[in-house]
Amino acid sequence: MPSMILFEILRYSFSSVIWGVLIAISCLALFVFLIKGWYKDATFSPVSYLVGAVLFLFLSFQCVLIVGSLKIISMTDEYEQQITALVQSYSPEDEVSQAQASEVIDAIIDEFPILEYYIGGGEFHGYTASQLPVAIAQELRSFMRWYILRRILWCLGFVAVGAVCVIRSMSKTKKISKTNLHRSTVYDDF
């Protein structure tokens with residue numbers, strides 16, 4: 001049983017890493033395209049490439065977290081079904097005590113260890129046994145949406161700082177116009 005749980009975590013983690021890195025690559029390509037579009041006469045310096053590499057690492061990390069959060073949200077219905085099965089022994093209309101709610105949360109965390117970071121320590125008292133699964137699932141969805149929003153804001157912050165750093169580090173190439181080129185090659189014999 002523990003090997004199956006480990007396999008599930010690795011399967012979801014691996015796909016989150018792959019998708020997160022692909023999204024980060026796409027964002028970085030758009031980033032370069034936009035900067036080169038706005039600054040046509042500038043070239044990237046070695047510092048620009050270093051900033052791009054660091055930005056890629058930061059964006060990759062945040063995108064992996066976003067994709068993982070989206071996967072957790074997509075699996076919330078499954079978590080809700082598991083919680084419903086766990087509270088079957090309780091009377092549907094009786095209020096669940098804090099101790100009973102903690103037992104349910106501990107059991108669902110044992111089944112899905114990744115949830116410990118998101119619902120572990122949550123206080124779900126004041127709900128009936130029929131309301132508890134829905135309440136936990138809604139709280140999980142709400143927390144994950146807020147988590148995703150924070151990750152997106154971090155990404156935007158990293159991109160803004162990266163853009164300023166790259167733009168300042170770019171070297172400007174001087175354009176030589178045809179008239180300036182012509183003037184420099186014309187010799188006066190006066």
Side-chain angles (χ1 to χ4, degrees), residues 5-79 112-122 137-190:
I5 293 172
L6 180 62
F7 178 71
E8 288 295 311
I9 290 173
L10 289 176
R11 185 179 71 153
Y12 289 116
S13 298
F14 184 71
S15 63
S16 294
V17 169
I18 296 298
W19 280 108
V21 169
L22 288 174
I23 292 169
I25 288 170
S26 301
C27 291
L28 205 55
L30 180 63
F31 176 81
V32 169
F33 176 75
L34 290 174
I35 287 182
K36 287 301 285 181
W38 287 328
Y39 296 93
K40 291 179 181 14
D41 62 336
T43 58
F44 290 122
S45 69
V47 174
S48 302
Y49 289 110
L50 179 65
V51 170
V54 171
L55 181 61
F56 172 73
L57 292 175
F58 286 159
L59 286 179
S60 293
F61 182 72
Q62 297 300 322
C63 289
V64 167
L65 293 175
I66 290 169
V67 172
S69 300
L70 290 170
K71 286 190 182 248
I72 289 174
I73 288 174
S74 72
M75 292 186 59
T76 305
D77 291 336
E78 183 180 332
Y79 303 144
F112 303 102
I114 192 91
L115 295 180
E116 181 176 7
Y117 302 106
Y118 309 112
I119 62 172
Q138 285 178 342
E139 183 63 29
L140 181 60
R141 284 184 192 102
S142 174
F143 180 83
M144 296 314 293
R145 286 184 189 117
W146 173 239
Y147 186 81
I148 290 169
L149 177 64
R150 290 190 324 237
R151 299 303 102 202
I152 290 171
L153 291 175
W154 274 108
C155 285
L156 292 175
F158 291 145
V159 166
V161 170
V164 169
C165 292
V166 166
I167 290 168
R168 287 180 178 230
S169 70
M170 291 174 74
S171 59
K172 305 272 190 217
T173 56
K174 292 186 177 187
K175 289 186 176 180
I176 299 175
S177 67
K178 289 181 181 179
T179 56
N180 286 341
L181 184 61
H182 179 67
R183 285 183 194 162
S184 64
T185 58
V186 174
Y187 298 101
D188 289 331
D189 289 334
F190 293 107

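Side-chain contact between L65 and F61 is present, with at least one heavy-atom pair separated by less than 4.5 Å.
Partners of R141 under the side chain to side chain donor-acceptor pair (under 3.5 Å) rule, at least two apart in sequence or in another chain, are D77. Residues that satisfy the side chain to side chain contact (heavy atoms under 4.5 Å, CB included) test with L34, not counting sequence neighbours, are L30, W38. Residues passing the ring-ring contact (aromatic ring centres under 6.0 Å, His included) test with W154 are F158, sequence neighbours excluded. In this structure S169 satisfies the side chain to side chain donor-acceptor pair (under 3.5 Å) test together with S48, sequence neighbours excluded. L70 pairs by the side chain to side chain contact (heavy atoms under 4.5 Å, CB included) definition with I66, I148, not counting sequence neighbours. Residues satisfying the side chain to side chain contact (heavy atoms under 4.5 Å, CB included) criterion with V51, sequence neighbours excluded, are V47, C165, V166. F44 pairs by the ring-ring contact (aromatic ring centres under 6.0 Å, His included) definition with Y49, not counting sequence neighbours.
Of the possible polar contacts, none joining the S142 side chain to the Q138 backbone as a donor-acceptor pair under 3.5 Å is found. Proximity of a side-chain donor or acceptor of K40 to a complementary backbone N or O of G37 within less than 3.5 Å is detected.
To the nearest 0.5 Å, the span separating CE on M75 from CD1 on I114 amounts to 10.5 Å. Between the CE atom of M144 and the OG1 atom of T76 there is a distance of 8.0 Å, given to the nearest 0.5 Å. The distance from atom CG of L59 to atom CD1 of I25, rounded to the nearest 0.5 Å, is 11.0 Å. Once rounded to the nearest 0.5 Å, the distance linking CG of L55 with SG of C27 reads 9.0 Å. Residue L140 holds its CG atom at 7.0 Å from OH of Y79, rounded to the nearest 0.5 Å. A distance of 9.5 Å separates CZ in F143 from CD1 in I72, rounded to the nearest 0.5 Å.
The two residues K71 and S15 come nearest to each other via the heavy atoms NZ-OG, 2.6 Å. Across S16 and V67, no two heavy atoms sit closer than the pair CA-CG1, 3.7 Å. Residues L28 and G52 approach most closely at CD2-O, 3.7 Å, considering heavy atoms. For Y147 against S69, the heavy-atom pair with the smallest separation is CD2-OG, 3.0 Å. Residues F56 and A24 share a closest heavy-atom pair of CE1-CB, 4.1 Å.
Within the structure, salt bridge (charged side-chain N to carboxylate O under 4.0 Å, His left out) pairs that include any residue of residues 147-169 do not occur (at least two apart or interchain).
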